[in-house]
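Please read the structure below before turning to the comments.
This chain uses plain numbering: 1 for the first residue, then up along the sequence. This one's a predicted model, so the numbers in the text were calculated from it and none came from an experiment.
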Amino acid sequence: MTRIILIYGAIGALVVGGLMVWGMMSWTPEQMAGEEGMDSGLIVGYLTQIVALTTVFLGIKHFRDKERGGVIKFLPAFLVGLGISAVASLGWIIGWEIVLASGFDYEALMAKMTTQQAAASGATGAALEQKIAESQAFMKLYMENPLVRLPITFIEMVPVGVLISLLSALLLRNSRFMPARQAAA
């Protein structure tokens with residue numbers, strides 16, 4: 001089981017990390033800072049996670065068909081899926097750290113977006129300054145402390161991983177759903 005988790009998790013990690021680095025490096029800060037950029041970034045980020053986490057389904061299916069003789073109960077399937085998701089999430093973290101190490105000015109981007117969002121919500125004067133100050137304080141903590149940044153980055157992918165693990169385990173516990181093919185004689 002561990003071997004399957006590591007193999008399929010590593011494939012998911014390479015996909016999600018590679019797509020994150022490629023995607024973040026291909027956008028300019030101006031494109032990202034706009035409202036369309038923020039919305040597009042969220043959509044692309046979650047789609048990237050979903051594509052990478054198809055390895056959860058494939059890993060559970062492999063485990064069911066090859067290691068368990070075509071039968072698996074929900075809990076073992078779910079645990080395999082969570083394990084694959086956890087390993088794949090490390091790719092999300094590594095990809096983000098590569099983006100930050102490349103000189104991507106995340107602090108400036110967030111400052112610009114926070115100011116735009118606060119102003120769009122009607123904040124002015126002292127209220128606007130307070131929101132900006134709060135954002136700057138958090139960004140300082142986030143950027144300077146990996147013990148804050150790494151768990152936050154990991155948790156970004158957890159809900160998607162749990163959902164895909166849950167759905168995959170529910171589907172694949174039925175041995176008639178996509179049964180293993182028998183080798184041709």
Is there a side-chain contact between [X] and [Y], using heavy atoms and a 4.5 Å cut-off?
| X | Y | value |
| --- | --- | --- |
| L100 | E97 | yes |
| W96 | F104 | yes |
| L171 | M178 | no |
| W92 | T153 | yes |

Among R68, R64, H62, the one residue meeting side-chain contact (heavy atoms from CB on, under 4.5 Å) with K66: H62
Check for me, please, whether [X] and [Y] land in the same ILVMFWY cluster - side-chain distances under 4.5 Å, paths through other members count.
| X | Y | result |
| --- | --- | --- |
| L141 | M143 | yes |
| V162 | I60 | no |
| V71 | V80 | no |
| I5 | I94 | yes |
| L6 | F57 | yes |

M1, CE: over 12 other non-hydrogen atoms inside 6.0 angstrom: no
F177, CZ: over 12 other non-hydrogen atoms inside 6.0 angstrom: yes
L167: hydrophobic cluster co-members (side-chain, 4.5 Å): L163
Partners meeting ring-ring contact (aromatic ring centres under 6.0 Å, His included) with F63 (sequence neighbours left out): none
F74: partners by ring-ring contact (aromatic ring centres under 6.0 Å, His included), with sequence neighbours left out: F78
Rounded at 0.5 Å granularity, tell me how far [atom1] in [X] sits from [atom2] in [Y].
| X | Y | atom1 | atom2 | value |
| --- | --- | --- | --- | --- |
| S89 | L82 | OG | CG | 10.0 Å |
| I164 | I84 | CD1 | CD1 | 11.5 Å |
| I4 | K61 | CD1 | NZ | 12.0 Å |
| M157 | M20 | CE | CE | 9.0 Å |
| L90 | L150 | CG | CG | 10.0 Å |
| L14 | L19 | CG | CG | 10.5 Å |

Quick check: closest heavy atoms across [X] and [Y], and the distance to 0.1 Å?
| X | Y | answer |
| --- | --- | --- |
| V56 | S168 | CG1-OG, 4.1 Å |
| S165 | S85 | OG-OG, 3.3 Å |
| V51 | T54 | O-OG1, 2.8 Å |
| R149 | E144 | NH1-N, 4.4 Å |
| A52 | T55 | O-OG1, 2.9 Å |
| V148 | Y142 | CG1-CA, 4.4 Å |

Side chain S102, main chain V99, donor-acceptor under 3.5 Å: yes
